[in-house]
Amino acid sequence: MVCISSEMEQKAFITFILSAVFSSSSCVARQYHFVNQNLSWTEAQRYCRENYTDLATINNKNDIEDLLKSVNDGQIQQVWIGLQKTDSYKWKWSLGDPAFYTGNNSQYRNWKPGQPNGDGDCSNMNPGQWNDYGCNNNLPFICYNDSSKGFIPVLQTMTWRAAQNYCRENHTDLVSVRNQNENEQIDNIRINAFTTSGVWIGLFRDSWEWSDQSNSSFRNWRKNKPDNSGGNENCALVWVKSDRGQWSDWTCDSKSQFVCHEDKLVLIKQNLSWNEALKYCRENHVDLVSVNSEQIQRRVMNVARKASTAEVWLGLHHYCAMNMWIWLRGEVVCYQNWAAGHGTGVEDCRYEPRVGAVQSGGDQRWISLPQTHKLNFICTNSED
Ligand SMILES: *[C@@H]1O[C@H](CO)[C@@H](O)[C@H](O)[C@H]1NC(C)=O
Ligand SMILES: *[C@@H]1O[C@H](CO)[C@@H](O)[C@H](O)[C@H]1NC(C)=O
Ligand SMILES: *[C@@H]1O[C@H](CO)[C@@H](O)[C@H](O)[C@H]1NC(C)=O
Ligand SMILES: *[C@@H]1O[C@H](CO)[C@@H](O)[C@H](O)[C@H]1NC(C)=O
């Protein structure tokens with residue numbers, strides 16, 4: 001197959017014009033489904049695993065908004081989510097979205113010798129090294145702003161939770177430290193901004209885990225929660241009316257409505273050509289994935305990291321007749337994430353058609369390849 005026949009070209013062109021005009025929909029990679037049945041947490045988990053992917057996982061504030069939107073019944077007070085208490089305490093970052101981390105840089109630690117020594121579930125930097133410390137102590141702190149990529153020192157002293165609220169409302173979150181270089185940058189900010197030495201960073205310890213084994217350490221507890229007030233509150237729910245979007249711990253046997261999630265992106269770890277991959281996705285799922293927004297790119301990055309090939313096919317192909325790149329559903333490539341030297345120049349249409357893949361490591365940018373390469377690929381289950 002060289003380029004597309006002229007009748008198809010016309011059709012694709014019209015589809016492309018229409019979709020350029022009418023398509024504003026961003027297909028979300030993970031979709032929430034509200035279930036209006038009163039079940040215990042374990043029953044709800046079973047229901048979600050049978051009918052969707054699992055009980056809902058939440059990675060960030062946007063997910064909370066999406067989840068709340070899925071609850072289309074004004075009478076609902078609270079819904080179960082997939083968070084449950086375990087016996088295993090681990091250190092995690094307040095900025096808990098797995099998409100923020102690459103490799104295992106969420107596991108970078110710079111404890112002071114002898115630390116953590118078990119005297120608290122929050123941690124401070126003092127001077128460049130870290131200590132565990134009681135969360136109710138008042139310290140100044142450093143926020144991280146994801147739009148400016150900046151570290152912002154705040155001189156007011158607060159408890160760790162109040163500092164977290166401050167950073168989330170005014171920036172993105174309490175600062176995460178992902179490597180030695182960031183540790184040095186942040187320590188320099190600490191030295192220049194504060195006279196006291198201990199400052200809160202985003203590291204905290206808890207024993208809550210997601211039902212789908214996701215690494216999201218995002219938590220949005222209501223004030224003074226979790227408190228295990230009944231002595232047996234090992235499951236988490238989200239408040240829908242009052243304290244909308246905030247979480248509480250609750251007895252798992254209690255009955256509640258709940259929210260499931262459905263993964264929309266599936267990594268297929270078979271090595272196929274682009275045409276074979278396309279056929280596979282259309283037969284077994286819906287299509288090869290289109291990455292028409294940064295949000296989907298982030299999800300794709302998470303999924304692609306687990307691939308066994310250095311690149312992973314996307315539903316991206318070069319349309320020779322117009323010398324342009326389009327997504328399978330005819331959308332023009334607006335959001336772009338090309339590696340340097342890819343996707344911009346004129347492609348050579350004399351040989352095999354060129355198609356697009358995302359790198360599974362590094363910056364995870366897009367590259368142009370002949371369709372005969374054999375790669376893993378990502379299918380979508382989303383119809384929109
Ligand atoms: C956000 O910053 C403003 C100004 O510094 C402060 O008054 C406010 O309390 C902060 N928000 C939170 C939730 O702490
Ligand atoms: C932090 O990010 C927000 C948007 O989330 C932006 O409006 C604000 O100016 C940024 N603040 C700083 C100090 O960079
Ligand atoms: C969670 O993180 C661990 C350690 O970084 C990693 O081995 C594991 O694959 C991650 N799990 C998922 C579901 O991404
Ligand atoms: C696919 O290719 C990669 C890289 O060449 C290889 O490591 C992997 O084992 C292959 N997978 C299969 C299922 O053949």
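Both counts, for ligands and for their atoms, begin at 1 and track the order of listing. In this chain, numbering begins with 1 at the start of the sequence shown. Note: hydrogens, waters and symmetry copies are ignored here, and every other heavy atom, side chains too, is used.
In this structure, ligand 4 sits under 4.0 Å from heavy atoms belonging to Lys269, Asn271, Ser308, Thr309.
Residues Phe204 and Arg219 form a side-chain contact, since some pair of their non-hydrogen atoms from C-beta on lies under 4.5 Å apart. Side-chain contact between Val35 and Cys260 is present, with heavy atoms from C-beta onward closer than 4.5 Å.
If you check the side chains of Trp366 and Glu311, you find no donor sitting under 3.5 Å from an acceptor. For the residue pair Asn376 / Ser308, a side-chain donor-acceptor distance below 3.5 Å is found, with atom types taken as modelled.
Polar contact check, Tyr166 against ligand 1: a nitrogen or oxygen pair lies under 3.5 Å apart. Inclusion of Asn170 in the set of residues having an N or O under 3.5 Å from an N or O of ligand 1 is warranted.
A salt bridge links Lys92 with Asp206: at least one charged nitrogen is closer than 4.0 Å to a carboxylate oxygen.
With Phe141 as the fixed residue, the ring pair (Phe, Tyr, Trp, His ring centres under 6.0 Å) test singles out one of Phe151, Phe194, Tyr166, Tyr133: Tyr166.
Under the side chain to side chain contact (heavy atoms under 4.5 Å, CB included) criterion, Gln78 pairs with Leu237, Trp239, Trp250, Ser256, not counting sequence neighbours.
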